[in-house]
Participant: 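Sharing a structure below in structure tokens format, with a few things to ask.
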Amino acid sequence: MTEEEVSLIYEYLHAHYEYRDGELIRKTKGCGFTLGKAMGRITYSDRKNSADKMAAVSVNSKKYVKSVARFILIFHKKPLAKFIKFIDGNPMNTNIENIISV
């Protein structure tokens, strides 16, 4: 993602979501969106034998599918790197204090 795309996603996230206890919670109504619902769905990978929270946002007609942890990093204006590490080793724990870009 370019810096411009990250900036647009940041603006979108702040307009439509609020961060609460490791989740991005929907704060505006929209087509197919429920107020108060957490962003993302849990996906399972047989190859990695693990689970992750994934989500998609559309900004300027472009769809971005990323892990919820990446969107939380963008929401908090934290630097993005190629990989994300979870301090406690649990990718379901998306508290900002538990996420590190490496």
Side-chain angles (χ1 to χ4, degrees):
M1 284 187 294
T2 66
E3 288 296 321
E4 183 179 340
E5 289 174 316
V6 170
S7 179
L8 290 171
I9 293 170
Y10 172 85
E11 291 173 18
Y12 175 85
L13 291 175
H14 277 269
H16 299 286
Y17 292 89
E18 67 179 305
Y19 176 81
R20 194 179 329 139
D21 299 325
E23 301 283 353
L24 289 174
I25 307 295
R26 187 74 184 196
K27 66 180 184 178
T28 60
K29 282 188 176 185
C31 183
F33 294 107
T34 304
L35 286 175
K37 186 175 181 202
M39 173 189 264
R41 292 186 177 167
I42 297 173
T43 60
Y44 298 94
S45 171
D46 290 335
R47 190 179 73 222
K48 292 192 272 183
N49 197 19
S50 66
D52 197 3
K53 290 183 189 177
M54 298 296 291
V57 298
S58 292
V59 180
N60 290 346
S61 300
K62 185 169 181 183
K63 188 174 184 178
Y64 299 91
V65 179
K66 304 286 179 197
S67 70
V68 170
R70 273 200 193 278
F71 287 125
I72 289 173
L73 287 172
I74 292 171
F75 187 89
H76 289 287
K77 282 205 168 210
K78 299 287 185 179
L80 293 177
K82 189 172 184 175
F83 298 102
I84 292 177
K85 189 174 183 180
F86 298 90
I87 294 170
D88 67 0
N90 178 6
M92 295 293 108
N93 179 1
T94 53
N95 283 301
I96 189 64
E97 299 85 9
N98 190 47
I99 305 169
I100 302 172
S101 272
V102 291

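As the structure is a prediction and not an experimental result, all values here were calculated from the model.
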Participant: Ignoring hydrogens and angles, write down the donor-acceptor pairs under 3.5 Å from the side chains of residues 61-68, residues two or more places apart or on other chains.
Facilitator:
unit_1 : atom_1 : unit_2 : atom_2 : d
K62    : NZ     : E5     : OE2    : 2.8
Y64    : OH     : E5     : OE2    : 3.0
S67    : OG     : R70    : N      : 3.2

Participant: With rounding to the nearest 0.5 Å, note down the distance linking CG in L24 to CZ in F75.
Facilitator: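 If I round to the nearest 0.5 Å, the distance is 6.0 Å.
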Participant: Could you check whether the rings of Y12 and Y17 sit parallel, tilted or perpendicular, using 30° and 60° as the cut-offs?
Facilitator: tilted
Participant: Please tabulate, for the side chains in residues 95-102, all donor-acceptor contacts under 3.5 angstrom to protein atoms that are two or more places apart in sequence or on a different chain.
Facilitator:
unit_1 : atom_1 : unit_2 : atom_2 : d
N95    : OD1    : G22    : N      : 3.1
N95    : ND2    : N93    : OD1    : 2.9
N98    : OD1    : I87    : N      : 3.2
N98    : OD1    : D88    : N      : 2.9
N98    : ND2    : D88    : OD1    : 2.9
N98    : ND2    : N93    : O      : 2.9
S101   : OG     : P79    : O      : 2.8
S101   : OG     : A81    : N      : 3.4

Participant: If you count heavy atoms of other groups shown closer than 6.0 angstrom to NZ of K78, is the number above 12?
Facilitator: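 Open.
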Participant: How many angstroms lie between atom CZ of F86 and atom CE of M92, to the nearest 0.5 angstrom?
Facilitator: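 Between atom CZ of F86 and atom CE of M92 there are 7.5 Å.
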Participant: Can you measure from OH (Y10) to CG (L13) and round to the nearest 0.5 angstrom?
Facilitator: 9.5 Å
Participant: Out of the candidates I84, T94, V6, only one should pair with L73 under the side-chain contact (heavy atoms from CB on, under 4.5 Å) rule; please name it.
Facilitator: I84
Participant: To the nearest 0.5 Å, how far apart are OH in Y44 and CE in M54?
Facilitator: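 It comes to 14.0 Å.
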Participant: Check salt bridge (charged side-chain N to carboxylate O under 4.0 Å, His left out) between R20 and all other residues, then give those that pass, not counting sequence neighbours.
Facilitator: E18
Participant: Under 3.5 Å, is there a donor-acceptor pair between the side chain of H16 and the main chain of R26?
Facilitator: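 Checked: no pair found.
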Participant: Please test M39 against I72 for side-chain contact (heavy atoms from CB on, under 4.5 Å), starting from the C-alpha separation and ending with a verdict.
Facilitator: CA-CA 10 Å; M39 173 189 264; I72 289 173; over 6 Å; no
